Structures are given as C-alpha cells and as structure tokens.
Amino acid sequence: MKRLLLCLLALLLFTACQEKAKPAVTINPKLEHPISCMKLNTLNVEKDVLGQLKELYGFDESCSLVLIVSYKKDIVCNSPQNVHMNSVGKFPKSYLKFELRIGLEVQYTYYIDLYSNVDSDDIEEGFKRLERDLIKLERQNR
C-alpha cells in the first residue's frame, strides 16, 4: 500500500511539474473560405522540416496563400532583466511560428514558445492546429 501511494505521489509530482506551453493564435476575420491551397515558403527552413511539412500537406506553388515557417533553437538570453527567469529554468529554449499570408497581409498566425528545442512533434502539432483552426473557421462562416 505504501509503495502504491509513493508511486502515485511520484507520478503526480512529475506530471504536475511538466510545463506545457500554450500557443498564441491570431486569425484575420477577412480570411476567405474555404482554403483550397497553400504554397510553402522554403527560405531559412531545414530540409528535414520541409520534408515533414510536405508529408503533412500537398503544397501548391501556384497558390497565392503562402505558409511561412520560422523557428529558432537553442535560444540564450544574456540580458540582466531575465536572470531570475534563467535561474529557475522558465526561459524558452526555442520557438515555432507558422504564418499564412496573401502578399504582405497576414491571414493566420500560430506562435509557441517551447522549453525544449523544436522537434518533429512540435511541427506536426502546430500544423495540425493550423488545419483545425481553418476548418473550424470555415464551419463558422457557413
């Protein structure tokens, strides 16, 4: 009985301490529906990330709606204002951002700070969220 209680407390401790970042999402209310295609901007994106995105969606180079992917890994902040954040380990180590644009006008943004480096699961989760948000928005505008 004591072992079971100890195991449950340990499990609770580890799950309660895990920080799960919440993404910030903005959607242009004038976004046209339905979204029939997206073009992928390949600048400054690693080949493995491009490959993963191309597996998740069939991008069309002739589309006017462009998906711009940006991320940064191993972020280090040396600013004295953030010393307390760095000392308790709550400073983000990376970020991931998806932007849908038509020309210079932003239609959709997904941004998340991560406490570990961006990995394939983060990219897949972010892209799936983008798809869910666009489907949800399409249903609302019917």
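The first residue in the sequence is number 1, and the count goes up from there. Source: prediction; values computed, not measured.
Remark: the backbone N or O of Ser120 is paired with a side-chain donor or acceptor of Gln52 at under 3.5 angstrom.
Counting heavy atoms from C-beta outward, Tyr95 and Val118 have side chains that stay 4.5 Å or more apart. Side-chain contact between Met38 and Leu130 is present, with at least one heavy-atom pair separated by less than 4.5 Å. Here the side chains of Leu31 and Leu134 are in contact, with some heavy-atom distance below 4.5 Å. Contact annotation: the side chain of Phe127 approaches that of Leu67 to within less than 4.5 Å [non-hydrogen atoms, C-beta and beyond]. Put simply, the side chain of Tyr71 does not reach to within 4.5 Å of the side chain of Leu114, judged on heavy atoms.
In this structure Asp133 satisfies the salt bridge (charged side-chain N to carboxylate O under 4.0 Å, His left out) test together with Arg129, sequence neighbours excluded. Residues satisfying the salt bridge (charged side-chain N to carboxylate O under 4.0 Å, His left out) test with Lys97, not counting sequence neighbours, are Glu99. With sequence neighbours excluded, no residue forms a salt bridge (charged side-chain N to carboxylate O under 4.0 Å, His left out) with Glu131. With sequence neighbours excluded, the residues that form a side-chain contact (heavy atoms from CB on, under 4.5 Å) with Thr42 are Leu40, Leu50.
Grouping the Ile, Leu, Val, Met, Phe, Trp and Tyr side chains by contacts below 4.5 angstrom, directly or via other members, places Ile135 apart from Leu65. Using a 4.5 Å cut-off between side-chain heavy atoms of Ile, Leu, Val, Met, Phe, Trp and Tyr, with links allowed through other members, Leu137 and Val106 fall into different hydrophobic clusters.
Shown here for Ser94 and Ser116, the closest heavy-atom pair between the two residues is OG-O, 2.6 Å. In this structure, Gly126 and Phe98 approach most closely via the heavy-atom pair C-CE1, 3.4 Å. The shortest non-hydrogen separation linking Asp122 to Asn117 is OD2-O, 3.7 Å.
Applying the salt bridge (charged side-chain N to carboxylate O under 4.0 Å, His left out) definition to pairs two or more places apart or across chains, those involving residues 43-59 are Glu46-Lys73.
For Asp113 and Tyr111, the side-chain atoms include at least one donor-acceptor pair closer than 3.5 Å.
In this structure, Ile123 CD1 and Lys128 NZ are separated by 13.0 Å, a value rounded to the nearest 0.5 Å. If you take CD1 on Ile27 and NZ on Lys136, they are separated by 8.0 Å, rounding to the nearest 0.5 Å.
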Self-check item: Candidate pair Tyr108 and Ile35, rule side chain to side chain contact (heavy atoms under 4.5 Å, CB included), full reasoning
Solution: CA-CA 12 Å; Tyr108 175 92; Ile35 303 290; over 6 Å; no
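In the hydrophobic clustering (ILVMFWY side chains linked at under 4.5 Å, chained through shared members), Ile68 is joined by Val66.
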